[in-house]
Amino acid sequence: MPGWFKKTWYGLASLLSLSSFILIIVALALPHWLSGKILCQTGVDLVNATDPELVQFIGDIYYGLFRGCKVRQCGLGGRQSQFTIFPHLVKELNAGLHVTILFLLFLALALALVSMGFAILNMIQVPYRAVNGPGGICLWNVLAGGVVALAIASFMAAVKFHDLTERIANFQEKLFRFVVVEEEYEESFWICVASASAHATNLVVVAISQIPLPEIKTKIEEATVTAEDILY
């Protein structure tokens, strides 16, 4: 059985893996990966709007991996519309990259559970195989954190190099063309960053758990036997 010191740190490692699992689920569920400002370029060109008038043609957009919302401002007031990524909008995006992001996040969910299981195993017993010990915990956390980081990088690539926001903003628009003027990563994106950070923290936690505690030795006084004690 592991000592109380290791049990405490392995318990913390299991909680961090569980928190990563929950954070990824929240990030998948919330439609707030990115928000932005979209300019109705068609409306601006029609009225030859100047800088002070451009505010009337700037709308808002936010979206996640499954759904989102945009507010069109084309000079006649804001018009809000909801949209879903599947099954039609994904065809207008880089479908392979988008599906890859989802696959990586679902894989990270499984890896987070495995890393939690390894931490619990080490908390209740000392594994016979080294691969199931602290090294195994580190391995699964490196894999889980790396997969989340890869999903984050893939999403950033979709935004920067594949014009993700602009493609979404112009989906099913026949009369108006929208141009993205501002983009900002939102809470779901940063929740995924926190998930990857939790796995990185687990590596530190496991390393601390391997620090040997100083052994407390009790000093035993040697009894001196004299001739009088023997006679007595």
Side-chain angles (χ1 to χ4, degrees), residues 13 16-39 59-70 81-118 137-173 177-204:
L16 285 172
S17 295
L18 178 61
S19 67
S20 173
F21 177 83
I22 295 173
L23 287 173
I24 295 173
I25 291 179
V26 173
L28 285 168
L30 293 178
H32 293 285
W33 276 71
L34 189 138
S35 65
K37 301 288 185 181
I38 51 176
L39 174 69
D60 300 292
I61 187 171
Y62 67 85
Y63 58 89
L65 299 179
F66 294 100
R67 56 196 172 92
C69 174
K70 72 176 180 180
S81 59
Q82 306 281 340
F83 57 85
T84 56
I85 302 296
F86 295 93
H88 302 297
L89 177 54
V90 71
K91 298 176 183 177
E92 302 295 326
L93 313 178
N94 188 322
L97 185 57
H98 194 83
V99 172
T100 298
I101 295 170
L102 291 174
F103 171 77
L104 290 172
L105 290 176
F106 282 113
L107 177 60
L109 286 174
L111 293 173
L113 289 179
V114 173
S115 65
M116 182 181 69
F118 269 66
I137 301 176
C138 291
L139 173 63
W140 290 109
N141 276 283
V142 167
L143 290 175
V147 167
V148 176
L150 188 56
I152 293 170
S154 299
F155 181 78
M156 294 175 67
V159 173
K160 296 298 180 183
F161 303 117
H162 296 276
D163 303 321
L164 181 62
T165 306
E166 189 166 327
R167 291 189 184 193
I168 293 176
N170 288 288
F171 177 63
Q172 290 184 338
E173 292 289 348
R177 185 174 70 87
F178 293 92
V179 177
V180 178
V181 295
E182 181 182 318
E183 290 177 315
E184 183 178 357
Y185 294 109
E186 291 294 336
E187 54 261 32
S188 293
F189 176 87
W190 297 114
I191 285 173
C192 272
V193 174
S195 172
S197 301
H199 289 293
T201 305
N202 254 349
L203 300 179
V204 179

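We're numbering straight along the sequence, starting at 1.
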K.L.:
A side-chain contact here means heavy atoms from C-beta on lying under 4.5 Å apart; do Ile24 and Phe106 qualify?
P.N.:
no
K.L.:
Say you draw a straight line from OG of Ser115 to CG of Asn141; how long is it, rounded to the nearest 0.5 Å?
P.N.:
4.5 Å
K.L.:
Do you know the tightest heavy-atom contact between Leu16 and Ala198?
P.N.:
O-CB, 3.9 Å
K.L.:
Taking the side chain as C-beta and beyond, is there a heavy-atom pair between Leu102 and Leu28 under 4.5 Å?
P.N.:
yes
K.L.:
Using the rule given for ring pair (Phe, Tyr, Trp, His ring centres under 6.0 Å), can you reason through Tyr185 versus Trp33, listing the C-alpha separation, both sets of side-chain angles and the distance that settles it, and then say yes or no?
P.N.:
CA-CA 6 Å; Tyr185 294 109; Trp33 276 71; 8.9 Å; no
K.L.:
May I ask you to test the Tyr63-Cys69 pair for a side-chain heavy-atom distance under 4.5 Å?
P.N.:
no
K.L.:
To the closest 0.5 Å, what do you measure between NZ (Lys91) and NE2 (His98)?
P.N.:
14.0 Å
K.L.:
Short question: side chain of Asn94, backbone of Leu97 - any donor-acceptor pair under 3.5 Å?
P.N.:
yes
K.L.:
Identify which one of Leu150, Ile152, Val148, Leu109 satisfies the side-chain contact (heavy atoms from CB on, under 4.5 Å) criterion when paired with Leu104.
P.N.:
Leu150
K.L.:
Quick check for you: to the nearest 0.5 Å, what is the distance between Glu92 atom CD and Arg167 atom CZ?
P.N.:
8.5 Å
K.L.:
Run Phe171 and Leu93 through side-chain contact (heavy atoms from CB on, under 4.5 Å) and show every step you take.
P.N.:
CA-CA 10 Å; Phe171 177 63; Leu93 313 178; over 6 Å; no
K.L.:
Flag the pair Met116 / Trp140 as yes when at least one side-chain heavy-atom distance between them is below 4.5 Å, and no otherwise.
P.N.:
no
K.L.:
Above 12 or not: heavy atoms from other molecules or residues under 6.0 Å from CZ of Phe103?
P.N.:
no
K.L.:
Nearest heavy-atom pair of Ala151 and Leu105: which atoms, and what distance?
P.N.:
CB-CD2, 3.7 Å
K.L.:
Is it true that, when you exclude His162 itself, more than 12 heavy atoms of the residues, nucleotides or ligands shown sit nearer than 6.0 Å to its NE2?
P.N.:
yes
K.L.:
Might you work through the side-chain hydrogen bond (donor to acceptor under 3.5 Å, both in side chains) test for Ser20 and His199, ending with a clear yes or no?
P.N.:
CA-CA 7 Å; Ser20 173; His199 289 293; 2.8 Å; yes
K.L.:
Taking all non-hydrogen atoms of both residues into account, name the closest pair between Thr84 and Leu89 and its distance.
P.N.:
O-CB, 3.4 Å
K.L.:
What pair of heavy atoms forms the shortest contact from Thr100 to Gly96, and how long is it?
P.N.:
OG1-O, 2.6 Å
K.L.:
Quick one about Ser17 and Asn202 (side-chain donor to acceptor, distance below 3.5 Å, no hydrogens or angles considered), yes or no?
P.N.:
yes
K.L.:
Flag the pair Cys192 / Leu23 as yes when at least one side-chain heavy-atom distance between them is below 4.5 Å, and no otherwise.
P.N.:
no
K.L.:
Kindly compute the distance separating CG (Leu30) from CD1 (Ile191), expressed to the nearest 0.5 Å.
P.N.:
5.5 Å
K.L.:
For side-chain contact (heavy atoms from CB on, under 4.5 Å), just list the numbers for Ile38 and Asp60, CA-CA rounded to whole Å, side-chain angles, deciding distance to a tenth of an Å, and then say yes or no.
P.N.:
CA-CA 6 Å; Ile38 51 176; Asp60 300 292; over 6 Å; no
K.L.:
Working note: Glu173 + Lys70, criterion salt bridge (Lys or Arg N to Asp or Glu O under 4.0 Å); need CA distance, chi angles, decisive distance, verdict.
P.N.:
CA-CA 12 Å; Glu173 292 289 348; Lys70 72 176 180 180; 2.8 Å; yes
K.L.:
Do Ser35 and Glu184 have a side chain donor and acceptor closer than 3.5 Å?
P.N.:
no
K.L.:
Give, for atom CD of Glu166 and atom CD1 of Ile61, the distance between the pair rounded to the nearest 0.5 Å.
P.N.:
10.5 Å
K.L.:
Kindly give the heavy-atom pair with the smallest separation between Pro31 and Tyr62, and that separation in Å.
P.N.:
O-CD1, 3.2 Å
K.L.:
Could you tell me if the side chain of Leu34 sits less than 4.5 Å from the side chain of Leu164, heavy atoms only?
P.N.:
no
K.L.:
Below 4.5 Å, heavy atoms only, C-beta onward: do Ile85 and Leu65 meet side chain to side chain?
P.N.:
no
K.L.:
Contact between Glu183 and Thr165 at the side-chain level, heavy atoms closer than 4.5 Å - yes or no?
P.N.:
yes
K.L.:
To check you understand the geometry: which heavy-atom pair defines the closest contact between Ala169 and Phe178, and what is its length?
P.N.:
O-CD1, 3.7 Å
